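Read through the structure below, which is laid out as structure tokens, and then see the notes.
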Protein chains: 2
Amino acid sequence: MTQKQTSRTTRRKAGSYTIHDVAALAGVSSITVSRYFNSPEKVSVALRERLREIIDRIGYVPSQVAGGLASGHGRVVCAVMQNIASATFADLVKGMTDELQASGLQLLLANAQYSQELEEQAIRTFVGWHPTALILTRHDHTPAAEAMLRALNIPVIEAWGLVPGRPFHQVGFPHIETGAILARHFLEQGATRIQFVMSHTTEDFRAKQRAQGYAQAMASAGLKADVQVIAQDDEFEAGAMGIEALSRLAANCRPQALIFANDNMAAGAILHAPACNLVLPRDCAIAGFGDASISARLRPALTTLRPARYQIGQHAARTVLQQLTLGPARDNTVVEDLLPCELVIRESSQLHL
Amino acid sequence: MTQKQTSRTTRRKAGSYTIHDVAALAGVSSITVSRYFNSPEKVSVALRERLREIIDRIGYVPSQVAGGLASGHGRVVCAVMQNIASATFADLVKGMTDELQASGLQLLLANAQYSQELEEQAIRTFVGWHPTALILTRHDHTPAAEAMLRALNIPVIEAWGLVPGRPFHQVGFPHIETGAILARHFLEQGATRIQFVMSHTTEDFRAKQRAQGYAQAMASAGLKADVQVIAQDDEFEAGAMGIEALSRLAANCRPQALIFANDNMAAGAILHAPACNLVLPRDCAIAGFGDASISARLRPALTTLRPARYQIGQHAARTVLQQLTLGPARDNTVVEDLLPCELVIRESSQLHL
DNA sequence: TTGTAGGCGTTATCAC
DNA sequence: GTGATAACGCCTACAA
């Protein structure tokens, strides 16, 4: 009864089995098979065993798409990265996928290349997936994006940076502060001429935030900020140009310390220093950001900041899972999770005044 | 008749608009709105304009989930990577997402960490998404995985490596061959003692393939292969250990050239050489694999192989799109797309015999 | 160019 | 513990 093939032209999905096929084979109704997957404890042990056997035998896999539609929420967590190809975001992604692995949630990724517009577009696309949660990696969205986020009514997490007072859960660390940390590291050693070196073409707006933090720390110390912007795409080359420019200044007026926007630039400087007849850190102290894998191996080994990249991704995903279990955080719950960004002091930042 | 709200407790989705809402507002039927999205040319210009206005105003976004279910194929391309956090796979992913961007297809990612079992699990999960296509990054699947792939009946692409005779479309280059290329590079310079250095804990089975290619090339030249396996997790450290081991051998019997499993190991060796009182490449020529960004900046600059990572990802995605447009490739179409893996000769591999 | 009917595979709701 | 029924939001097929 309840014959499926109502008419001759009824649509039929390719060859794959459905929950009804499994149910028919087991001689039960399809809802029971559904329960087998979603709340096995409600199915008798004997039946459970029988279903398992059948499912294994025919290789049935429940359709996420149909399940998502019926239950009202797709089984996806969507994440908008700023630069998928960078080590930073790769680590974030790995943290997320590892954490999501067991939950049956899939990670849907988009890349915004540090652009607000692309981010908005990605969010718009994601809305169509009715995601379980959304993970973003910046705080300044377009008004349209911000409106969508509020309307979505699902957990939204802003990871990587940490900005107080946002309406969404934060996981990460304050980037402005990191610039200040490096500045103070040199100020405490008695430096007075500290330069921040960044690339003109830096898409990464976070580098600008670090420059800002650096400038604030300098101002607090009553010193003049000195941000050098280099017009060169390649980060290593830009770093090399930064150190070379320094080498042309008279020793008594050139910066005593250089803070590079990231470790790649700093590495470029360290590797190029011998060609400029500079001995580091004697002639100039150096620091970077990001703790690239090469940094500890350079000579001098590079002082840098080590953000907990993987952990931030992991924590963001974990937060999603928690909010799903516990429901949206109660009104005054802490929604700012500060993850460490550790200052790793190595040889390169040792000042020789 | 056919009243929708049959009973009082009928399920209602949250607040988001549906295609019916849009249709009602425009005074047309919902199928027309569907056409507006899927084949706008079938909708009159005037109506198109009106719909656009309404859709923009209420911020309607079609549900991918419902659409996927109704049309029988989710709008997703699934990809199983071996190590999401590595630069290699990050570049592949970027190539794919960039190419898929405009097509309305989303990339669903999973990470297998070089494990066959995890890959099988990922494929099983993906099957539930009824993906439009599947992109894999290895060739040796578990029997169960292989069975699923055949049953899936969708485009399956194996990217990164290139193995002849596979039933699936191939995009990449033969990894075994790359090991031979490096070996020959040294053989042609007259070297007779060439060592391949890899890490014991290398998960990357591709490194083993390169070692194999190296060994074959050595055999062809009538020379003995010499594969050194170093028990050390950290790649840079392993490379450093490799060069240090060499430094302890008498100059007249130690390897004249070292082929490292990857650029990180080679970089570790180059950076550690001064500490071993070795001058490179005079005391030993060096080559790596992967063309890491640092490699060109090292002194000596590192000779390496440069796989077209981004292009492989891009090409894989493009192949998916093509197969969707043109239908599955005709019987005897070429299904092996060889993408370049270029030998980049730099200072480090210059032999001094 | 536009509309009607019904199904895609699953789950929520209520009943037994 | 198990089942009948009706959605979920959209799209294919066919009709006008």
Side-chain angles (χ1 to χ4, degrees), chain A residues 1-24 26-48 50-51 60-75 104 127-130, chain B residues 1-24 26-48 50-51 60-75 104 127-130:
Chain A
M1 71 306 301
T2 319
Q3 272 287 109
K4 293 299 280 305
Q5 41 270 40
T6 25
S7 67
R8 63 276 148 212
T9 333
T10 178
R11 275 186 287 171
R12 288 256 129 258
K13 186 66 186 305
S16 71
Y17 291 100
T18 74
I19 203 172
H20 301 294
D21 300 323
V22 178
V28 298
S29 99
S30 52
I31 187 65
T32 303
V33 181
S34 173
R35 289 200 183 98
Y36 168 80
F37 284 105
N38 299 308
S39 33
E41 73 282 359
K42 293 186 178 170
V43 177
S44 70
V45 179
L47 187 48
R48 223 139 72 185
R50 193 144 50 91
L51 286 173
Y60 166 73
V61 180
S63 163
Q64 299 297 322
V65 182
L69 178 58
S71 65
H73 46 263
R75 275 115 169 69
V127 168
W129 282 98
H130 295 287
Chain B
M1 70 305 300
T2 319
Q3 271 287 110
K4 296 298 278 303
Q5 41 270 41
T6 27
S7 65
R8 60 281 147 207
T9 332
T10 179
R11 271 187 289 174
R12 288 258 130 253
K13 186 66 186 303
S16 73
Y17 290 101
T18 74
I19 202 171
H20 300 293
D21 299 324
V22 177
V28 298
S29 96
S30 53
I31 186 65
T32 304
V33 182
S34 171
R35 289 200 183 99
Y36 168 81
F37 284 106
N38 300 309
S39 34
E41 73 283 0
K42 292 186 179 170
V43 178
S44 70
V45 179
L47 188 48
R48 222 140 69 187
R50 194 145 50 91
L51 285 173
Y60 167 73
V61 180
S63 162
Q64 299 297 323
V65 182
L69 178 59
S71 66
H73 46 263
R75 275 117 169 68
V127 167
W129 282 97
H130 294 288

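Since we're looking at a predicted model, the values are computed, not measured.
Using modelled atom types, no side-chain atom of B/Arg35 and backbone atom of B/Lys42 make a donor-acceptor pair closer than 3.5 Å. Using a distance-only test at 3.5 Å, with no hydrogens or angles considered, a donor-acceptor pair links the side chain of B/Thr18 to the main chain of B/His20.
In this entry the distance linking CG of A/Asp21 with C1' of C/dG9 reads 10 Å, nearest Å. Across the protein-nucleic acid pair, A/Gln64 atom CD and C/dT11 atom C1' stand 13 Å apart, rounded to whole Å. Going from atom CD1 of A/Ile19 over to atom C1' of C/dT10 covers 6 Å, rounded to whole Å. In this structure, CG of B/Leu51 is placed 12 Å from C1' of C/dT2, rounded to the nearest angstrom. Rounded to whole Å, atom P of C/dT11 lies 11 Å from atom CG of A/Leu69. Atom pair A/His20:NE2 and C/dG9:P shows a separation of 8 Å (rounding to whole Å applied).
Sorted by residue number, the members of residues 33-46 of chain A with any non-hydrogen atom under 4.0 Å from DNA chain D read A/Arg35, A/Lys42, A/Val43, A/Ser44.
Counting any heavy atom pair closer than 4.0 Å across all strands shown, B/Val65 reaches no nucleic acid atom.
Taking side-chain N and O atoms only, A/Ser29 has a distance below 4.0 Å to OP1 or OP2 of D/dG3. Checking the phosphate oxygens (OP1, OP2) of D/dT2, no side-chain nitrogen or oxygen of A/Thr32 falls inside 4.0 Å. Between B/Tyr60 and the phosphate of D/dG9, there is no side-chain N or O to OP1/OP2 separation shorter than 4.0 Å.
By the side chain to side chain contact (heavy atoms under 4.5 Å, CB included) test, B/Ala66 is found to be paired with A/Leu69, B/Ser63, residues two or more places apart in sequence or in another chain being considered. Every residue meeting the side chain to side chain donor-acceptor pair (under 3.5 Å) condition with B/Ser34, not counting sequence neighbours, appears here in chain and number order: B/Asn38.
Each of B/Ala66 and B/Ile31 has a nearest nucleotide on DNA chain C; the 5'-most of these lies closest to B/Ile31.
Within the 4.5 Å cutoff, the side chain of B/Trp129 has heavy atoms near those of the A/Val65 side chain. A/Tyr36 has its side chain out of reach of A/Val22: every pair of non-hydrogen atoms, C-beta onward, lies at least 4.5 Å apart.
Here the closest heavy-atom approach between residue A/Ser29 and residue A/Ala23 is recorded as C-CB, 3.6 Å.
The side chain of B/Arg75 lies closest to D/dC11 when the candidates are D/dC11, D/dG3, C/dT2.
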